[in-house]
Amino acid sequence: MKEWLGLGARLATGGVWIYAGVVKLPDPYASVQAVRAYELLPSSLAEAVGYLLPPLEVVVGIALVLGVLTRGAAVVSALLFVAFIVGIASAWARGMEIDCGCFGGGGYDPDARSNYPWEIARDTALLLASCYLVWLRRSRLALDSVLFRRTTMSAVGG
């Protein structure tokens, strides 16, 4: 049962990452603007994060969906979700009205405050799924099971 839950966690979290990254890839500058809107990072660092985030999201998503290097991808996933939760909570606490930029867009959004609780709840659920994958050694239908099979060596001699 744990391994099937792991498969579900991999597919759901990986699918979200792939979608989030793919929709941002055609307009990387919009991703930079979304990161800058949070006003948490220096401009040059916000620019680097904005450009690197979409490809990283796609790579993490593909790794999770395929079940390749799952634990490492899940650790990166969890760290990203913690950063996003902190960013959204910070914007909310400072009274900012910005789109999270999670699936493209970003910048001013007059409805942002009503969206913050749902965005934090979504990211918290995905954070928990990522943490479950870090904890779980194996999940169903993962390439890790094929690529990194455990072999037992029998004792030779007698």
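Quick caveat, the model's predicted, so the values are computed rather than measured.
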With a cut-off of 3.5 Å and sequence neighbours excluded, list every side-chain donor-acceptor pair involving residues 71-84.
residue: R71; atom: NE; partner: V134; partner atom: O; Å: 2.8
residue: R71; atom: NH2; partner: V134; partner atom: O; Å: 3.0
residue: S77; atom: OG; partner: W17; partner atom: NE1; Å: 2.8
residue: S77; atom: OG; partner: S130; partner atom: OG; Å: 2.7

Point to revise | Single-linkage hydrophobic cluster, 4.5 Å side-chain cutoff, L126 and W118 together | key: no
Using distance only, find each side-chain donor-acceptor pair of residues 85-93 under 3.5 Å and give its atom names and separation, not counting sequence neighbours.
residue: S90; atom: OG; partner: R94; partner atom: NE; Å: 3.0
residue: S90; atom: OG; partner: R94; partner atom: NH2; Å: 3.2

Check your understanding: Quick one: are V32 and E47 in side-chain contact, heavy atoms under 4.5 Å?
Key -> yes
Exercise for review: Look only at the side chain of D144 and the backbone of L69, and say whether a donor-acceptor pair between them is shorter than 3.5 Å.
Suggested key: yes
Check your understanding: If you look only at pairs with a residue in residues 24-62, which of them pass as a disulfide bond (SG atoms under 2.5 Å apart), with sequence neighbours excluded?
Key -> none
Review point. Taking ILVMFWY side chains as joined if any heavy atoms are under 4.5 angstrom apart, and letting links pass through other members, which residues group with W135?
Key: L5, Y132, L136
Exercise for review: Mind checking salt bridge (charged side-chain N to carboxylate O under 4.0 Å, His left out) for E3 and listing every partner two or more places apart, or none if nothing turns up?
Suggested key: R140
Review point. Any disulfide bond (SG atoms under 2.5 Å apart) pairs touching residues 2-121, not counting sequence neighbours?
Key: C100-C102
Review point. What's the spacing between W4 CH2 and M1 CE if we round to 0.5 Å?
Key: 11.0 Å
Practice item. Could you note down all residue pairs passing disulfide bond (SG atoms under 2.5 Å apart) where residues 1-83 supplies at least one of them, sequence neighbours left out? Key: none
Exercise for review: Using modelled atom types only, decide if a donor and an acceptor are shared between the side chain of T13 and the backbone of R10 within a distance under 3.5 Å.
Suggested key: no
Which side-chain N or O atoms in residues 53-66 pair as donor and acceptor under 3.5 Å with protein atoms at least two apart or in another chain?
residue: E57; atom: OE1; partner: G21; partner atom: N; Å: 3.4
residue: E57; atom: OE1; partner: K24; partner atom: NZ; Å: 3.0
residue: E57; atom: OE2; partner: K24; partner atom: NZ; Å: 3.0

Check your understanding: Cluster partners of V35, using ILVMFWY side-chain heavy atoms under 4.5 angstrom, listed by chain and number?
Key -> L41, L45, V49
Review point. Would I18 end up clustered with L133 when hydrophobic side chains under 4.5 Å apart are linked, directly or stepwise?
Key: no
Practice item. Could you tell me the separation between the CG atom of L40 and the CE atom of M96, rounded to the nearest 0.5 Å? Key: 7.5 Å
Review point. Which residues satisfy the side-chain hydrogen bond (donor to acceptor under 3.5 Å, both in side chains) test with E119, sequence neighbours excluded?
Key: none
Check your understanding: If every non-hydrogen atom of Y29 is compared with every non-hydrogen atom of R36, which pair is closest and at what distance?
Key -> OH-NH1, 3.7 Å
Practice item. Just grab all the disulfide bond (SG atoms under 2.5 Å apart) pairs involving residues 8-67, residues at least two apart or on different chains. Key: none
Review point. Can you tell if the side chain of L11 reaches within under 4.5 Å of the side chain of L7, non-hydrogen atoms only?
Key: yes
Review point. How far apart are the C-alpha atoms of I98 and Y38, what are their side-chain angles, what is the distance that settles it, and do they pass the side-chain contact (heavy atoms from CB on, under 4.5 Å) test?
Key: CA-CA 8 Å; I98 58 172; Y38 283 92; 3.8 Å; yes
Revision key, fill the gap. For D99, the side-chain hydrogen bond (donor to acceptor under 3.5 Å, both in side chains) test, sequence neighbours excluded, returns none
Review point. Are more than 12 heavy atoms from other residues, nucleotides or ligands located less than 6.0 Å from atom OH of Y19?
Key: no
